[in-house]
Chemist: 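Below: one structure in structure tokens.
Small disclaimer: the values here were computed from a predicted structure and weren't measured.
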Amino acid sequence: PPMFAQSARVNARRALRLRVFSTQPEVKRRDGTVAALSKHRGFLDYERSPEPYRPAEERVRDWDEINLQAPSAEREELRRQTARCMDCGTPFCQTNTGCPIHNLIPEWNSLVYEGRWKEAYLNLASTNNFPEFTGRVCPAPCEGACVAGLIDSPVTIKNAEYAIIEKAFREGWVEAQPPAVRTGKTVAVIGSGPAGLAAADMLNRRGHTVTVYERDEKPGGLLMYGIPNMKLAKEKVQRRLDLLEAEGIAFKCSVDVGVDVSAADLRKGHDAVLLAVGSTTPNDLRLPGRDLEGVHFAMEFLRKNQYHLFTDKEGKLKSHWSGDRIDAKDKHVIVIGGGDTGTDCIGTSLRMHCKSLTNFELFARPPEGRAPQNPWPAWPRIFRTDYGHEEAAALHGQDPREFSILSKEFVGEGGKLTGIKTVNVRVEGGKLVELEGSEKLWPADLVILAMGFRCPEPTIPEQLNLELDKRNNVKAVYGEYATNEEGVFAAGDCRRGQSLVVWAINEGREAAEKVHAYLSS
């Protein structure tokens, strides 16, 4: 049509002017023209192009990170992507519907676009203690709330975050910065996952003497043992732990608080205590045959494999792993439950060379785009293909997910699992209705339950006489974090329930400020 022809001619003239007067590199725009890189029209000129993972056929054969090893900071495409970030009147990406830690996303996107990498790092580090973790494992609610997503695809925020922090480490900008003065106050942080580490970091910066207690042999909690290597390399976790230790934080590992030392004694020995023990009680599936050999919780499966990977090349143990491993090799594997944990179980099973892999999801397949009842800027509940699904399709020829599946019974022989009976369901009037004639028996040697977590284990709350909420989480108001016991605070999943790493960092940071205020009063 004449209107579009005229628009193309205007764009061509504008492109010519930019090529004459700009010193920026020339890049391809979404209308096919080539012109100097410019931020003036942002996402109107440039389409979304997220950085791909390593090829599925390659990465599924090792335990290395799925991210490309070549530093994205060195590629001009990243600048082209950050040029898509506009000067929004209200940047929803950094509000509560987007980033819980309120990263100043438009600011560091602009700094990356301008090539001011160190300033971008300092900006990012001012709000996020561990961008190397969120840049790898966060599902990026910031992108779900991106204003560009209203009419187009959101900015590739997560890629930029990952690139900034990795360049900062390569350039030596990330250095230990111990506090100049100590307050003389002591804080015990129980749990070394993202909430505990963020709180310990912030309290240490304030000059308090912080000791982190961890029942596993290595600190890191979920980051070290629950998220598999290919998603978050353990060298990257250890890199940060070494920095925290160099800044003065003490880690006491292989100490099971509540067993090796009572939580009450720990409280007596410190000026304040912060619980960051996570939500570790899994949701179970108490069906007939549940006790058959071959039915396991997701975290049991993932943790034991991680213990195995902590052995050295000669097979010498570098952890307290007993040698017990849940091996998926040559087995028909069924993962029940979606989400990040379910995907991690899929990726782990594939790397163990399972015979077949199926992923049951209870509800119907989500829509490709937002449903009317799921408006922007809420998290888009849409159909996504994660790394594990892509790998399963590459190896076995199809997506492993089966939707609208209700499990009915575990079947076995001689005490060992051989299959699982299911039925298809649909939702009617808010209730699940079984579809007659849809019963099926699936062969299964290994079933992994990845259905989320309920609450923290009860030992520590009981020893400290802490009140619990209706879900058996530690009762403490969000934003205050104080429990019913003076000097005892709670943050992260043990308080809010199962959530994201970025929310754990948010709560750890905020709880640290409340602990500091208590110690300063």
Chemist: Hey, is the main chain of R401 close enough, under 3.5 Å, to the side chain of D399 for a donor-acceptor pair?
Modeler: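 At least one qualifying donor-acceptor pair exists.
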
Chemist: I want to check something: taking the side chain as every heavy atom from C-beta on, are E467 and T483 in contact at a cut-off of under 4.5 Å?
Modeler: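 When only atoms from C-beta onward are counted, T483 and E467 do not touch, as no gap falls below 4.5 Å.
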
Chemist: Applying side-chain contact (heavy atoms from CB on, under 4.5 Å), can you list everything that pairs with K331, at least two apart in sequence or on another chain?
Modeler: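 By the side-chain contact (heavy atoms from CB on, under 4.5 Å) rule, K331 matches V333, D445, L446.
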
Chemist: Quick check against the 3.5 Å criterion: does R59 have a side-chain atom that pairs as donor or acceptor with the backbone of D62?
Modeler: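 Absent.
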
Chemist: I'd like to check the side chain to side chain donor-acceptor pair (under 3.5 Å) partners of S438; sequence neighbours left out, ordered by chain and number.
Modeler: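 Once residues adjacent in sequence are excluded, S438 has no partner under the side chain to side chain donor-acceptor pair (under 3.5 Å) criterion.
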
Chemist: Report yes if the side chains of K475 and L466 come closer than 4.5 Å at any heavy-atom pair, otherwise no.
Modeler: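 Heavy-atom side-chain distance check fails, nothing below 4.5 Å.
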
Chemist: If you draw a 6.0 Å radius around CZ in R454, do more than 12 non-hydrogen atoms from other residues or ligands fall strictly inside?
Modeler: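 No, not enclosed.
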
Chemist: With sequence neighbours left out, write down each residue that passes side chain to side chain donor-acceptor pair (under 3.5 Å) with R384, or none if nothing qualifies.
Modeler: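 Listed in chain order: nothing, the list is empty.
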
Chemist: Determine yes or no for a side-chain-to-main-chain donor-acceptor pair under 3.5 angstrom, with K234 supplying the side chain and L232 the backbone.
Modeler: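 Checking the backbone N and O of L232 against the side chain of K234, a donor-acceptor pair under 3.5 Å is found.
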
Chemist: With a 3.5 Å distance limit and no angle check, can you tell me whether T343 reaches the backbone of G339 through a side-chain donor-acceptor pair?
Modeler: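 Answer holds: yes.
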
Chemist: With side chains defined as the heavy atoms from C-beta onward, is the minimum distance between N103 and C142 less than 4.5 Å?
Modeler: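 Not touching, per the 4.5 Å side-chain cut-off.
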
Chemist: Determine, for E143 against K158, whether the closest basic-nitrogen to carboxylate-oxygen distance falls under 4.0 angstrom.
Modeler: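 No, E143 and K158 are not salt-bridged.
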
Chemist: How far apart are the closest heavy atoms of T418 and G412, and which atoms are they?
Modeler: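 Here T418 and G412 meet closest at OG1-CA, 3.5 Å.
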
Chemist: If I compare all heavy atoms of G144 with all of P380, which pair ends up nearest, and what's the gap?
Modeler: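 Scanning both residues, the minimum pair turns out to be CA-CD, 3.7 Å.
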
Chemist: Please say whether more than 12 non-hydrogen atoms of neighbouring residues, nucleotides or ligands are located less than 6.0 Å from CD in E436.
Modeler: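 Atom CD in E436 is not crowded, with 12 or fewer foreign heavy atoms closer than 6.0 Å.
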
Chemist: Before giving the answer on side-chain contact (heavy atoms from CB on, under 4.5 Å), spell out for R267 and V488 the whole-Å C-alpha distance, their side-chain angles and the decisive distance to 0.1 Å.
Modeler: CA-CA 8 Å; R267 172 67 188 96; V488 179; 3.7 Å; yes

Chemist: Testing the basics here: between P375 and R370, what is the closest heavy-atom pair and its distance to 0.1 Å?
Modeler: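 Smallest heavy-atom distance, with atoms named: O-NH1, 3.2 Å.
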
Chemist: Could you tell me whether R509 and E513 have a side-chain N and a carboxylate O separated by less than 4.0 Å?
Modeler: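 So R509 does not pair with E513 through a salt bridge.
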
Chemist: So, the side chain of Q81 versus the backbone of S49: is there a donor-acceptor pair under 3.5 Å, distance only?
Modeler: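 Checked: pair present.
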
Chemist: If you count the non-hydrogen atoms of other residues, nucleotides and ligands that lie under 6.0 Å from CD in E368, is the total more than 12?
Modeler: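 Counting neighbours around CD of E368, more than 12 heavy atoms of other residues, nucleotides or ligands fall under 6.0 Å, so yes.
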
Chemist: Going from CG on L468 to CD on E462, what distance comes out if it is rounded to the nearest 0.5 angstrom?
Modeler: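 Here the rounded value is 8.0 Å.
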
Chemist: So, do I326 and E300 sit near enough that their side-chain heavy atoms are less than 4.5 Å apart?
Modeler: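 Yes - at least one pair of side-chain heavy atoms lies under 4.5 Å apart.
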
Chemist: Look up atom CG in L124 and atom CD1 in I101, then write down how far apart they are to the nearest 0.5 Å.
Modeler: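 One finds 8.0 Å between CG of L124 and CD1 of I101.
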
Chemist: Measuring from atom CG of L244 to atom CG of L197, what distance do you get when rounded to the nearest 0.5 angstrom?
Modeler: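 Answer for the CG-CG pair, L244 versus L197, is 6.0 Å.
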
Chemist: Assess whether atom CD of E486 is packed by more than 12 heavy atoms of other residues, nucleotides or ligands within 6.0 Å.
Modeler: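 Atom CD in E486 is not crowded, with 12 or fewer foreign heavy atoms closer than 6.0 Å.
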
Chemist: Taking R426 for the side chain and V433 for the main chain, is one N or O donor matched with an acceptor at less than 3.5 Å?
Modeler: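 No, R426 side chain to V433 backbone: no donor-acceptor pair under 3.5 Å.
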
Chemist: With side chain to side chain donor-acceptor pair (under 3.5 Å) as the test, pick out the partner of D242 among R239, Q238, R240.
Modeler: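 That would be Q238.
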
Chemist: From L357 CG over to S349 OG, what is the distance, rounded to the nearest 0.5 angstrom?
Modeler: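 One gets 5.5 Å once the value is rounded to the nearest 0.5 Å.
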
Chemist: Return each pair, listed once, that meets ring-ring contact (aromatic ring centres under 6.0 Å, His included) where at least one residue sits in residues 438-478; pairs must be two or more places apart or across chains.
Modeler: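 Sorted pair list: F360-W442, Y478-Y481.
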
Chemist: Take N128 and F133, measure what side-chain contact (heavy atoms from CB on, under 4.5 Å) needs, and give me the verdict at the end.
Modeler: CA-CA 10 Å; N128 190 349; F133 303 154; over 6 Å; no

Chemist: Quick test of your reading of the model: are K431 and E434 salt-bridged, counting only N-O distances below 4.0 Å?
Modeler: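 No.
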
Chemist: As an exercise, state the distance from CZ of R365 to CZ of F383, rounded to the nearest 0.5 Å.
Modeler: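 Between R365 CZ and F383 CZ, I get 3.5 Å after rounding to 0.5 Å.
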
Chemist: Step by step, work out the side-chain contact (heavy atoms from CB on, under 4.5 Å) result for H396 and L350.
Modeler: CA-CA 10 Å; H396 297 161; L350 292 170; 3.7 Å; yes

Chemist: Ring pair (Phe, Tyr, Trp, His ring centres under 6.0 Å) with W503: which residues, sequence neighbours excluded?
Modeler: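 Partners of W503 by the ring pair (Phe, Tyr, Trp, His ring centres under 6.0 Å) criterion come out as none, since no residue qualifies.
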
Chemist: Determine whether Q94 and T127 make a side-chain contact, defined as any pair of heavy atoms from C-beta on separated by less than 4.5 Å.
Modeler: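 Side-chain contact under 4.5 Å: no.
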
Chemist: Out of curiosity, R290 CZ to R286 CZ, how far, rounded to the nearest 0.5 Å?
Modeler: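 If we round to the nearest 0.5 Å, R290:CZ and R286:CZ are 5.5 Å apart.
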
Chemist: Regarding N67 and E166, is there a side-chain donor-to-acceptor distance under 3.5 Å anywhere?
Modeler: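 N67 vs E166: no donor-acceptor pair found between side chains.
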
Chemist: On a heavy-atom basis, which atom in M451 and which in L285 lie closest, and how many Å separate them?
Modeler: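 Nearest heavy atoms, M451 then L285: CE-CB, 3.6 Å.
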
Chemist: Is any side-chain heavy atom of P219 closer than 4.5 Å to a side-chain heavy atom of M224?
Modeler: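 A side-chain contact under 4.5 Å is absent here.
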
Chemist: Dump the intermediate steps for side-chain contact (heavy atoms from CB on, under 4.5 Å) on L274 and I190, then the final yes or no.
Modeler: CA-CA 6 Å; L274 174 66; I190 305 175; over 6 Å; no

Chemist: For C253 and K218, which heavy atoms make the closest approach, and how far apart are they?
Modeler: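 The pair with the smallest heavy-atom distance is SG-C, 4.0 Å.
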
Chemist: What I'd like to find out is whether the side chain of V277 reaches to under 4.5 Å of the side chain of E457, using heavy atoms alone.
Modeler: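 Answer no - side chains too far apart.
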
Chemist: Within the side chain of N484, is there an N or O that forms a donor-acceptor pair under 3.5 Å with the backbone of N465?
Modeler: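 Yes, the answer is positive, given that a donor and an acceptor are paired below the 3.5 Å cut-off.
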
Chemist: Tell me every residue that passes side chain to side chain donor-acceptor pair (under 3.5 Å) with E214, counting only those two or more places apart in sequence or in another chain.
Modeler: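 Partners of E214 by the side chain to side chain donor-acceptor pair (under 3.5 Å) criterion, ordered by chain and then number, come out as S192.
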
Chemist: Is S279 reaching over with its side chain to a backbone N or O of C455, donor-acceptor style, under 3.5 angstrom?
Modeler: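 Present.
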
Chemist: Please check if the side chain of R54 supplies one atom and the backbone of E65 the other of a donor-acceptor pair under 3.5 Å.
Modeler: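 Such a contact is found between R54 side chain and E65 backbone.
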
Chemist: Nearest heavy-atom pair of G388 and I346: which atoms, and what distance?
Modeler: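 Shortest heavy-atom contact: O-CG2, 3.5 Å.
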
Chemist: Any donor and acceptor pair, going by atom type alone, linking the side chain of R351 with main-chain N or O of G347 inside 3.5 Å?
Modeler: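 Yes; at least one donor-acceptor contact below 3.5 Å.
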
Chemist: Is any side-chain heavy atom of E510 less than 4.5 Å from a side-chain heavy atom of P100?
Modeler: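 Answer no - side chains too far apart.
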
